[in-house]
Amino acid sequence: MLTPQVVPDGTGGPDRRRPSLSSGRAEPPGLRLGEQAAQVVAEALTPVLARLLPHPSPDHAPMCTALRHSTSGGLLGTRCDVRVRRVPDGWLADGRADHVLGLPHADTMLLEALGGKGETLLVLLPMDALGLVKTEHQPSPLPGASYGSVRLDSVSVPDSAILRPSPTDLHTLDEAIATTRLRLARLATDLAADAVAAAIDHVARRPFGGAHLVDMQVVRHALVEATAQVRMCDAYLRRVDAPPRTTSARQRPWMAREQAVPPACSFHDAATRAAAYVALAVPQAVEASCQLHGGYGFLEEKWIARAYQDSVFVPVLLGGLDHLDRAAGLPFPVAVETVAQ
């Protein structure tokens, strides 16, 4: 059996018991990735945004968020293009937001909009506002999560529902986005770890040619590669919270014959780079684990098949490979081995 070991979640949260990837059987979590992602957003992102508003909505009111791609880096796959203009009795909002997590069941919506001069504004709208039309995505692109789109056609917005974020507010928002991306990357890594552990258990018990599947060299190579990918994901996530190695003495202006030391990257950049690797490695590790189950790995009632469905959506959940590779300074497309180097 697997011997559980305490592994920090890499986001400052409490430690959880995760299985070792050596051998044995892993017990997968009961919730789908979509349900866990919705919980992360509700805990790490939405409350931070709500606190920035001058008149926060009640804590019990379900709320969804839609941020512009330039602000969120494509987090959750959301696209938001809304503009507001000033009118004598308040504001009018026009535009649309697509692929919004939690929209079908929300009572209010907190979205990012551009003002008449291109300034960033946060707008709080009730979902029953006149001129607001919402549509639920059926089926949901991520099982366990509800997604939808909204169109705004001259929606009236009072002054009390508009916030002009200060530089401090924007910094708080940036950190909340990075924290959310990091926690989602940890969920994806845990999903891959459970999938690999399930594959190890399956090949160790599955008879084949008078022995077991695990005795085949090609199977062992696949397991080693998938295990390495999961452990690299975990190492990237751990490294984000590690203190920078650049000392204050090396941050001084460069002197003659002194080798230039680049400054430590920000928490936002570090989280994006870790997510870029996770978005590449997790689908590959879960796919390999699914294939090692043979035909059983693609049966709908099997957990490994559902894990494969969830893993395909991981790159979109973290921001999209095309954005993540540019933010991390990597060419696209790129192999996992290139990122590791």
Side-chain angles (χ1 to χ4, degrees), residues 31-50 52-53 56-84 91-114 120-157 161-163 173 176-177 180-181 183-184 187-188 306 309-320 322-323:
L31 296 179
R32 297 293 295 266
L33 181 63
E35 298 173 278
Q36 298 179 71
Q39 291 180 357
V40 167
V41 173
E43 295 171 0
L45 183 60
T46 303
V48 175
L49 288 169
L52 298 180
L53 293 172
S57 61
D59 293 337
H60 62 273
M63 179 188 297
C64 63
T65 59
L67 300 176
R68 293 177 60 83
H69 189 277
S70 58
T71 300
S72 68
L75 188 68
L76 306 174
T78 303
R79 298 294 185 272
C80 182
D81 184 14
V82 176
R83 293 182 177 271
V84 295
W91 301 78
L92 289 180
D94 295 275
R96 65 179 295 115
D98 296 315
H99 215 263
V100 181
L101 179 65
L103 176 66
H105 307 295
D107 294 335
T108 57
M109 181 177 187
L110 183 60
L111 56 85
E112 180 185 4
L114 291 181
T120 298
L121 302 173
L122 292 179
V123 183
L124 182 65
L125 290 175
M127 297 306 298
D128 58 355
L130 184 63
L132 186 151
V133 179
K134 68 176 182 179
T135 305
E136 183 177 0
H137 293 175
Q138 289 289 356
S140 174
L142 179 60
S146 60
Y147 275 91
S149 301
V150 63
R151 188 180 75 252
L152 308 177
D153 186 10
S154 297
V155 177
S156 179
V157 183
I162 296 285
L163 171 67
L173 175 59
I177 292 172
T180 304
R181 178 174 279 112
R183 291 185 60 178
L184 292 174
L187 287 179
R306 298 192 294 271
Q309 295 173 358
D310 291 348
S311 69
V312 173
F313 196 79
V314 166
V316 178
L317 196 65
L318 295 179
D322 56 341
H323 167 76

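On a predicted model such as this, the values are computed, not experimentally measured, just so you know.
Counting only residues at least two apart or on different chains, the salt bridge (Lys or Arg N to Asp or Glu O under 4.0 Å) pairs with a member in residues 63-83 are Arg68-Asp81. Legend: salt bridge (Lys or Arg N to Asp or Glu O under 4.0 Å) pairs involving residues 309-319, not counting sequence neighbours, sorted by first then second residue: Arg32-Asp310. Under the salt bridge (Lys or Arg N to Asp or Glu O under 4.0 Å) criterion, no residue pair touches residues 120-130, with sequence neighbours excluded.
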*Where do Ile162 and Leu122 land on the side-chain contact (heavy atoms from CB on, under 4.5 Å) test, with the steps shown first?*
CA-CA 6 Å; Ile162 296 285; Leu122 292 179; over 6 Å; no
*Could you walk me through whether Asp98 and Arg96 pass the salt bridge (charged side-chain N to carboxylate O under 4.0 Å, His left out) test, one step at a time?*
CA-CA 7 Å; Asp98 296 315; Arg96 65 179 295 115; 2.7 Å; yes
_Leu121 vs Trp91, test: side-chain contact (heavy atoms from CB on, under 4.5 Å). Steps then yes/no._
CA-CA 12 Å; Leu121 302 173; Trp91 301 78; 4.2 Å; yes
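Note that CG of Leu76 and CG of Leu184 are 6.0 Å apart. Values are rounded to the nearest 0.5 Å. Atom OG1 of residue Thr180 and atom CG of residue Leu45 lie 4.5 Å apart, to the nearest 0.5 angstrom.
The two residues Ala176 and Ala44 make their nearest non-hydrogen contact at CB-O, 3.9 Å. For Ala93 against Leu152, the heavy-atom pair with the smallest separation is O-CB, 3.8 Å.
For Glu43, the salt bridge (charged side-chain N to carboxylate O under 4.0 Å, His left out) test picks out Arg183, with sequence neighbours left out. The side-chain hydrogen bond (donor to acceptor under 3.5 Å, both in side chains) check on Gln39 picks up nothing, with sequence neighbours excluded. In this structure, the side-chain hydrogen bond (donor to acceptor under 3.5 Å, both in side chains) partners of Thr71, at least two apart in sequence or on a different chain, are Glu112.
Residues Leu67 and Ile177 meet the side-chain proximity criterion, which asks for heavy atoms closer than 4.5 Å. Residues Thr78 and Leu101 form no side-chain contact, since every pair of their non-hydrogen atoms from C-beta on lies 4.5 Å or further apart. Residues Gln309 and Leu33 form no side-chain contact, since every pair of their non-hydrogen atoms from C-beta on lies 4.5 Å or further apart.
Ser149 pairs in a side-chain hydrogen bond (donor to acceptor under 3.5 Å, both in side chains) with only one of the listed residues (His137, Lys134, Glu136), which is His137.
Under the 3.5 Å distance criterion, the side-chain polar atoms of Thr108 are left unmatched by any main-chain donor or acceptor of Leu125. No donor-acceptor pair under 3.5 Å is formed between the side chain of Ser154 and the backbone N or O of Leu92.
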